[in-house]
Structure formats: structure tokens, C-alpha cells
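The structure appears below as C-alpha cells.
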Amino acid sequence: MTERRGMYGPRGNFRLAARFHHLLEGKFGSCIGWLLFISILLIFVGNSTYLDDHGPPPQKVLPFPSQVVYNRVGKCGSRTVVLLLRILSEKHGFNLVTSDIHNKTRLTKNEQMELIKNISTAEQPYLFTRHVHFLNFSRFGGDQPVYINIIRDPVNRFLSNYFFRRFGDWRGEQNHMIRTPNMRQEERYLDINVCILENYPECSNPRLFYIIPYFCGQHPRCREPGEWALERAKLNVNENFLLVGILEELEDVLLLLERFLPHYFKDVLSIYKNPEHRKLGNLTVTVKKTVPSPEAIQILYQRMRYEYEFYYYVKEQFHLLKRKFGLKSDIRKPSPRPEFFIPSPLETEEPINDEEEDDEKWLEDIYKR
């Protein structure tokens, strides 16, 4: 039996609707007749078999990249950035996929496969964020997303985490109790100098080897302080991360994110500078931080030498990016010990004229990785 089209195809619907128009015009007059005609015409067109004849409408054009992962490093400004992302996702209409899991960064093979599957099936364009060590999607047959991240001076990060676990932040007096409910009182009020100088587990390796595994990945050797993990982390930064920023220069990080990923980060800097948003950001500042002694700082610096080698490498790469896009950098040799107690300005410096390779072409090359 052949399929019947006739009066019920697209053309048939128009012919049938035209007949109704003549009847309506004679009964209700020209103006009202036309209005009723258009209403009936829309009903007929909506019921047409046009899609059956011509297939589904073309898919919406997705921004590139349409899959972004922010595997945020703890105590490196990630809560500030997530606050911004919630605003931006509403503003720009991308899918912000967050995780409630905050304390499981190392995954078994099955857990990796499950997480990658869940991420890959999210509605695009998406930005997924979670505290998790680097995941190799291609290893499990998935499309490798674009990665972004932010790190900070390792000693500064460690101190922020040390006091946050004990005393929380300005969002609430009991914040720390929620995050560390089983911490004993003597541990909660342990002097930071005692912890470092007497080599408590929290203030020594492997606990201090924290930033590099976020970039090295899920391999067991990524958890061992050493050259192997360091070099693998550098390699992943070069091959899989669109941008790794420095928290001490956050405004420049946001400027570059807006340039590289406009569908996600357009207007991010103006939102960040908004006084109302600043009030929210200030609530995430850790309270009751104290400065360790110079001796304790020097010991920490020695214990974290791989972390600092990685930090200085990322900082150098970040400054190269800034120069490509006309942002000044105060490039100095690494100090013999971290200057964590000297506040770093977040203000963006005046652009400079820099005759480098075409930055748009450079950005295209990044996307082709």
C-alpha cells in the first residue's frame, strides 16, 4: 500500500486552509477572517508531515570546545571560580556539571570509567568541575575534553588548607566542624610550627605532595614525590590543558579564560569586580591563619621542592601566554624561599606592544591538540 499524501501533505494543508479562508472572510469580514485563517493555518502546518519527508531539523551549532573540565585544585581559589561559573552558566546557557564529592581525587579503574561515562554523556556544551586528579578520557575510548585549572604558591596553599580544616571561613562559625567533625581538639589547635618542626604527618610528605597529582593523573606513581610525577604533570599541562593559571594573578587568568573560552567566560571579569560578588567572595576567605616561623617556612620549602619546581614551570608558561596577548608580567627569578606573606596584586597591568606570532593562529593550534 502506498502512503497517502494528498490533502495532508504540506501543499495539501495550504490548499485546505485557503478554502477555510474564503468561508471565514464571507462570514466574519476581511480583518477577522484573516486572523482566524492564520490561526487555522498554523494548526495545519504544525500537523504536517514535513519532518517525515525531509528529516529532523539541523542540530544547533555548538561552541568549540563544547566539553571543558575544570579539575580544580583544593584551596586554589576554586570556590571563587565556581561562584562565577554559576552566574555565567545562567547568563550564557551552558551546562554546568558540578560534583558533591570533595574528598575522593584518586579513583580505581572502574571508578574512572564510570565517571568518564557520566561526564561524556552530559548535555553539551558543558563545563564539568570536581576536585579530581587528571583523567585520561582517550584511554577509555572517550573524546578528550579541554582542561583548565588554577594553582597557587604551594606553601600558601598548604597554610590555607591547614587553617581551613580547623577553623573554616567567614561563611559560618561551624563550617570547619562540618568538614572535620572527627578532628580531636588537641589536633585542631595544634600549633603550625610544632606540626612542621616535629614532622607531624599532616606537615610532611606525602601529604605535602598535593598539586602535582592533579596534573600527573591517576597512575599510582603520580602520588609519589619525585621526578617521574613531575615530568608527567608538565607533559599533561602542555598536551591537555588549555590554560593553567596562577591564583596570585587571578584577574589575568579570568581575562585569558574570557579570550579562549568566550561562550563560557564572556564578561567574567566585570562580574568578578562587581561589589556584590566581592562580598560573596570574601566569605570564602579562611580565618585565623597565622604565619609560621622562618625556620618552619624553610623546611616546608625543602619538603615541597617538586611542588615548587612545578609551580615555577606553570608560572613561566602562564607569563608566556600573557605576553602573547599583550599583558605585562613582573618576571623575577624564584626567591630562595616562598614570599607567601607578601600579598600579590591582582590588578591587571597595562597591555604592551608585543610583536609575537598571531595570537588567533596560536589559539587555533591549541584547539587542535
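As the structure is a prediction and not an experimental result, all values here were calculated from the model.
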Practice problem: Would you name the heavy atoms of Glu307 and Ile212 that are closest together and state the gap between them? | Solution: OE2-N, 3.0 Å
Quiz item: Checking side-chain contact (heavy atoms from CB on, under 4.5 Å) for the pair Asn103/Ile101: CA distance, chi angles, key distance, verdict?
Solution: CA-CA 6 Å; Asn103 58 356; Ile101 301 174; 4.2 Å; yes
Practice problem: Check whether any side-chain N or O of Asn95 sits under 3.5 Å from a backbone N or O of Glu123 as a donor-acceptor pair, and report yes or no. | Solution: yes
Quiz prompt | Heavy-atom check, side chain of Ser78 versus side chain of Tyr70, under 4.5 Å | solution = yes
Quiz prompt | Check against side-chain contact (heavy atoms from CB on, under 4.5 Å), Leu83 and Arg79 | solution = CA-CA 6 Å; Leu83 282 174; Arg79 284 181 296 158; 5.8 Å; no
Self-check item: Contact summary for Cys222 and Pro213, nearest pair of heavy atoms
Solution: O-CG, 3.3 Å
Exercise. Give a yes or no on whether Glu186 atom CD has more than 12 heavy-atom contacts from other residues, nucleotides or ligands under 6.0 Å away.
Key: yes
Self-check item: Nearest non-hydrogen partners of Ser89 and Leu96, listed with the distance
Solution: CB-CB, 3.9 Å
Quiz item: Taking side chain as C-beta onward, heavy atoms only, is Pro154 less than 4.5 Å from Ile211?
Solution: yes
Exercise. To the nearest 0.5 angstrom, please state how far the CG atom of Leu243 sits from the CG atom of Leu261.
Key: 8.5 Å
Quiz item: In terms of hydrophobic clusters joined by side-chain contacts under 4.5 Å, are Phe163 and Met183 together?
Solution: no
Quiz prompt | Working for side-chain contact (heavy atoms from CB on, under 4.5 Å), residues Glu295 and Leu197 | solution = CA-CA 8 Å; Glu295 181 186 2; Leu197 297 176; 3.9 Å; yes
Exercise. Write down the atom of Cys195, the atom of Leu190, and the distance for their closest heavy-atom approach.
Key: CB-CD2, 3.8 Å
Quiz item: Out of Tyr306, Phe158, Tyr308, which residue meets the ring pair (Phe, Tyr, Trp, His ring centres under 6.0 Å) rule with Tyr301?
Solution: Tyr308
Self-check item: More than 12 heavy atoms from other groups under 6.0 Å of CE on Met113
Solution: no
Quiz item: Which residues pass the ring pair (Phe, Tyr, Trp, His ring centres under 6.0 Å) test with Phe265, sequence neighbours left out?
Solution: none
Quiz prompt | CG (Asn118) with more than 12 external heavy atoms under 6.0 Å | solution = yes
Exercise. Establish whether Tyr200 and Met304 are linked, either directly or via other cluster members, by ILVMFWY side-chain heavy-atom contacts under 4.5 Å.
Key: yes
Quiz item: Is there a donor-acceptor pair under 3.5 Å between the side chain of Gln67 and the backbone N or O of Val146?
Solution: no
Quiz item: Are more than 12 heavy atoms from other residues, nucleotides or ligands located less than 6.0 Å from atom NZ of Lys234?
Solution: yes
Practice problem: With Glu202 as reference, evaluate Arg207, Arg166, Arg188, Arg303 under the salt bridge (Lys or Arg N to Asp or Glu O under 4.0 Å) test and give the passing residue. | Solution: Arg166
Quiz prompt | Heavy-atom side-chain proximity of Leu107 to Leu135 below 4.5 angstrom | solution = yes
Quiz item: Are any of the side-chain heavy atoms of Arg86 and Val82 separated by less than 4.5 Å?
Solution: yes
Quiz item: Is the backbone of Asp267 close enough, under 3.5 Å, to the side chain of Ser270 for a donor and an acceptor to pair up by distance?
Solution: yes
Quiz prompt | Pro145 side chain near Phe128 side chain, heavy-atom distance below 4.5 Å | solution = no
Exercise. Take His133 and Thr105, measure what side-chain hydrogen bond (donor to acceptor under 3.5 Å, both in side chains) needs, and give me the verdict at the end.
Key: CA-CA 5 Å; His133 296 168; Thr105 57; 3.3 Å; yes
Exercise. Applying ring pair (Phe, Tyr, Trp, His ring centres under 6.0 Å), name anything that partners His263, two or more places apart in sequence or on another chain.
Key: none
Quiz item: Where is the tightest heavy-atom contact between Gly245 and Val253, given as atom of each residue plus distance?
Solution: CA-CG2, 3.7 Å
Exercise. First locate atom CD1 of Ile271, then atom NZ of Lys273, and finally report the distance between them rounded to the nearest 0.5 Å.
Key: 13.0 Å
Self-check item: Phe318 side chain reached by Glu249 side chain, heavy atoms, under 4.5 Å
Solution: yes
Quiz item: So if you build clusters from Ile, Leu, Val, Met, Phe, Trp, Tyr with side-chain heavy-atom gaps below 4.5 Å, do Tyr189 and Val194 land together?
Solution: yes
Quiz item: Is Leu230 reachable from Tyr312 through a run of hydrophobic residues whose side-chain heavy atoms are each under 4.5 Å from the next?
Solution: yes
Practice problem: Report yes or no: does Asn71 contribute a side-chain atom to a donor-acceptor pair with the main-chain N or O of Val132 at less than 3.5 Å? | Solution: yes
Self-check item: Min side-chain heavy-atom separation Leu250-Leu247 under 4.5 Å
Solution: yes
Quiz item: What residue pairs, at least two apart or across chains, pass side chain to side chain donor-acceptor pair (under 3.5 Å) with a residue in residues 212-225?
Solution: Tyr210-Tyr214
Quiz item: Between Ser66 and Gln124, what is the shortest heavy-atom contact and its length?
Solution: OG-OE1, 2.7 Å
Quiz item: So, Ser160 side chain and Arg157 main chain: donor-acceptor pair closer than 3.5 Å or not?
Solution: no
Quiz prompt | Trace of the side-chain hydrogen bond (donor to acceptor under 3.5 Å, both in side chains) decision for Ser138 with Asn136 | solution = CA-CA 6 Å; Ser138 58; Asn136 189 339; 2.6 Å; yes
Quiz item: Considering residues at least two apart in sequence or located in another chain, which fulfil the ring pair (Phe, Tyr, Trp, His ring centres under 6.0 Å) criterion with Tyr147?
Solution: Phe134, Phe241
Quiz item: Quick one: salt bridge (Lys or Arg N to Asp or Glu O under 4.0 Å) partners of Lys104, sequence neighbours excluded?
Solution: Glu111
Quiz prompt | Arg130 side-chain N/O to Arg72 backbone N/O, donor-acceptor pair under 3.5 Å | solution = no
Exercise. Quick one: pull up CG in Leu208 and SG in Cys203 and give me the separation to the nearest 0.5 Å.
Key: 7.0 Å
Practice problem: Apply side-chain contact (heavy atoms from CB on, under 4.5 Å) to Leu85 and Tyr264, showing your working. | Solution: CA-CA 8 Å; Leu85 285 170; Tyr264 301 87; 5.6 Å; no
Exercise. List the steps, then state whether ring pair (Phe, Tyr, Trp, His ring centres under 6.0 Å) holds for Phe325 with Phe260.
Key: CA-CA 11 Å; Phe325 288 89; Phe260 296 169; 5.3 Å; yes
Quiz item: Among all residues two or more places apart in sequence or in another chain, which pass the disulfide (SG to SG under 2.5 Å) test with Cys76?
Solution: none
Practice problem: Inspect the contact between Lys315 and Glu248 and indicate whether a charged nitrogen and a carboxylate oxygen are less than 4.0 angstrom apart. | Solution: no
Practice problem: For residues Leu127 and Val97, determine if any side-chain heavy atom of one lies less than 4.5 Å from a side-chain heavy atom of the other. | Solution: no
